[in-house]
Protein chains: 4
Amino acid sequence: MTTRRASPNAARRNEASRRATLTAAFDLLQEVGYAKLSIEGIAARAGVGKQTIYRWWPSKGAVVFDAFLLLSESAEGGPPVLPDTGDLEADLTAVLLATIEELNDPRYDQPMRALATEIAHDPELAAAYAERLDGPLKDAKRQRLRSAQQAGQLADDLDLDVAVEMIWGPVLNRWLQRSGPLTADYIDRVITTALNGLRPRPPAAG
Amino acid sequence: MTTRRASPNAARRNEASRRATLTAAFDLLQEVGYAKLSIEGIAARAGVGKQTIYRWWPSKGAVVFDAFLLLSESAEGGPPVLPDTGDLEADLTAVLLATIEELNDPRYDQPMRALATEIAHDPELAAAYAERLDGPLKDAKRQRLRSAQQAGQLADDLDLDVAVEMIWGPVLNRWLQRSGPLTADYIDRVITTALNGLRPRPPAAG
Amino acid sequence: MTTRRASPNAARRNEASRRATLTAAFDLLQEVGYAKLSIEGIAARAGVGKQTIYRWWPSKGAVVFDAFLLLSESAEGGPPVLPDTGDLEADLTAVLLATIEELNDPRYDQPMRALATEIAHDPELAAAYAERLDGPLKDAKRQRLRSAQQAGQLADDLDLDVAVEMIWGPVLNRWLQRSGPLTADYIDRVITTALNGLRPRPPAAG
Amino acid sequence: MTTRRASPNAARRNEASRRATLTAAFDLLQEVGYAKLSIEGIAARAGVGKQTIYRWWPSKGAVVFDAFLLLSESAEGGPPVLPDTGDLEADLTAVLLATIEELNDPRYDQPMRALATEIAHDPELAAAYAERLDGPLKDAKRQRLRSAQQAGQLADDLDLDVAVEMIWGPVLNRWLQRSGPLTADYIDRVITTALNGLRPRPPAAG
DNA sequence: CGGTAATCGAGACGGTACGTCAAGTCTTGGC
DNA sequence: GCCAAGACTTGACGTACCGTCTCGATTACCG
């Protein structure tokens, strides 16, 4: 058996209340923003008792996290996979363009910032995020790079973890800190720079 | 003529109260963490009236930001400069090692996360951060890369902004999300990968 | 035919649950006091479902009332009777001494105050109290006075109801309001004053 | 110096908030009854923050008590005095008639029961009641009886405290327990019985 | 150099939300 | 159909802070 906490009897949990809570949380995140998001507000919007929220979630961050989880579950069929046309640069560009489109979308901006900061302050949440939300995505990214590596397009001794961070890290950072615009051009430069590296690259052998 | 009801008369500002407030804010950030930081608490700790804080700072985030500003001002003499021994890889390694040492230091971890969070949620603060705190540092980083570029160690057409993000982005991201340990080995891998790029690199010409 | 949706089928009632509930209620009244007595607490202490309590009692006061009823039933054999030695003053003194002993007993103080205040706020409960608990007692008191009246010890035209209230009213009041100590001496003074009245009493005829 | 608690600075207390609170408490007591009286409700009705109530009163009962105090203060000029026409019986009748009129008045019934209940359960409150509200009244009652005593209308050795309780005790008890109607006739019987006592009274000497 | 206006510490105020407790209703599974 | 158990919505609890608002008591500038 695997349950960690004994207290509430999960079998009797009201699924309708759970979904209402998560939906309300996500909606409110868009509407009022992270700073004004309150358990009280979520409960009221969801038509749910506060106690029900406190019974099933340890923190506001956990609710927000589960709201994202619900969203990603309802969106997907199976684990995520990155496109693989054989053209790595094109595939990465396509994926990152979709990413910045989402990051630039006002509907998702606030909620994702909320999630990011909750994660930054709550290690337990960070672990859950790494495992349940980011993990599968990271696997897909690594997998795409491995495929390119096997096709000889990437260095044999490449550290795939670092490679993934090298491509997505700058983008996420720029978004979170608003240190610059997230444009298609920026994406291109990131990908090109990451692939080629900072050092001068001798002309391809004739 | 100027606005009739302008901001308070800065000339009369009590410097002792200002410093006490910022010091208290930073200390409390370490002690109780970001989530439990309150204006009331800062005022009490600083032996300062709440009104004094509200008079001079628009938000809690602004106080936290100023606390960092005070810290960085008291630490420095003039704008920051990265070491330049001619050996880029060694210099970057040295700087990044110092960076992760700070990020791993429990005294700074909480406060810096607080700052990151406030910035993520407050565009105005983000602008101030970009200009006053991060700006000079970024200039120094760019300058070091430019120096290497001029020495022929980096590609001529390298986008220095992207290059800087490529090196520091992954590290900051890993720290903020706790997606992996910040070790010397990790730093090495990041620097090597960034410099060489993901693509296979033909052996240096004989 | 009877009402279709009447009260639950009393025949099926679980006597063990009933007694457990009432005992738990009385015990808790002593332990945690009236203000902190809760249905939830009673149910937990009795090992009984909350619904079972709500099924059989209309209010917390009703449970408390029944708890007293259970107590008085188990204590007695038949209706109460006051001692009648022929010496009215002595008999009254004996009974009132027993009364104040109970009122001063910490085991009964809290529960009886609870009962008294529930009665004060709930007319229906007051009626039940008057009929089931206080009624028989009052009959006994009246009966003792009537006996004395017939023996020529009390005025012929005496209003027995008022007479009873005149003796017990001051004592109960003093207890409830804590307006003075309940001592044997106090009892004596009450009885003497009630018997003689406030007016000067001419010396008994020779 | 005499202050008992240091915490709130009574000098800065807002008199308007105080009066609004007490008035709201009294009004709500009439409207919703004692059982549904809540601090939250009082605060809302008074347009006052909850904290302001908690700052100045230790319990709901204390608020109710102060509400009565405010009422009695605003009603009076100086300490209360009972009428003294020389005819004790008539004077007592007049006073008790006024008393039962108040007790029978639906505007005061609920609030006074609330006060009685709070007193019954809170010894500290009972002491305050005895001193501030009931005390002066009891003095007046005793004084009237003493006057009659000096006029030879009452027994020389009469215990005035007990005498007062003997007259008012039965009335209050009957009201609190609803054990009978409070009518003019009842008042007459109480007074007559108390004055004459229970024992047969020989005809006044010719 | 004394008058006066702004700032200061302090903290009361009307509020909002917190996280908890209990009320009374409803559902599930066992007897 | 009653029962124990306990999840549910509701509403109040008493507390912590919010941001605004007085209060005297220092300042520090200005006439």
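Only heavy atoms go into these numbers, but all of them, side chains included; no hydrogens, no water, no symmetry mates. Lettering follows sequence order; numbering is per chain, from 1. Quantities reported herein were computed from a predicted structural model and do not represent experimental measurements.
Contact check for C:H121 versus D:Y34: side-chain heavy atoms found under the 4.5 Å cut-off. By the 4.5 Å heavy-atom criterion applied to side chains, A:P8 and A:R13 are not counted as neighbours. In this structure the side chain of A:W57 reaches within 4.5 angstrom of the side chain of A:L22, judged on heavy atoms. In this structure, D:W56 and D:T21 have side chains that are not in contact, with every pair of non-hydrogen atoms separated by 4.5 Å or more.
Counting non-hydrogen atoms under 4.0 angstrom, D:G47 reaches the backbone sugars and phosphates but no base. Among the protein residues, C:T52 comes within range of the sugar-phosphate backbone only, with heavy atoms under 4.0 Å from sugar or phosphate atoms but none that close to a base.
Rounded to an integer number of Å, the gap from A:L37 CG to E:dC18 C1' is 13 Å. For A:Y54 and E:dG19, the OH to P distance is 4 Å, given to the nearest whole Å. The nearest whole Å value for the distance from the CD1 atom in A:I53 to the C1' atom in F:dT10 is 13 Å. B:I39 has its CD1 atom 11 Å from the P atom of F:dT20, to the nearest Å. Per the geometry, NZ belonging to B:K36 stands 14 Å off C1' belonging to F:dC17, to the nearest Å. The interatomic distance linking D:E40 (CD) with F:dG14 (C1') rounds to 10 Å, in whole Å. One can place OH of A:Y34 at 15 Å from C1' of E:dA17, the figure rounded to the nearest angstrom. Look at CZ on C:R18: it is 12 Å from P on F:dC3, rounded to the nearest Å.
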N/O donor to acceptor pairs below 3.5 angstrom from side-chain atoms of residues 25-32 of chain B, sequence neighbours left out:
from	atom 1	to	atom 2	distance (Å)
B:E31	OE1	B:R45	NH2	2.5
B:E31	OE2	B:R45	NH2	2.8

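Regarding contacts with the backbone of E:dG14, a side-chain N or O of D:S17 is found under 4.0 angstrom from either OP1 or OP2. Phosphate contact (OP1/OP2 of F:dC2, side-chain N/O of C:R55, threshold under 4.0 Å): absent.
Position along DNA chain F of the nearest nucleotide to D:K50 versus A:V48 favours A:V48 as the more 5'-ward residue. Residue whose closest nucleotide on DNA chain E sits further toward the 5' end, between A:K60 and B:E15: B:E15.
Between atom OG1 of residue A:T117 and atom CG of residue A:L125 there is a gap of 10.0 Å, rounded to the nearest 0.5 Å.
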With 3.5 Å as the limit, what N/O pairs link the protein to nucleotides 22-28 of chain F?
from	atom 1	to	atom 2	distance (Å)
F:dC23	O2	D:R12	NH2	2.9

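At most 12 heavy atoms of other shown residues, nucleotides or ligands fall within 6.0 angstrom of atom CZ in A:R19.
Comparing atom distances between the D:W56 side chain and each of E:dG19, F:dC13, E:dA12 picks out E:dA12 as nearest.
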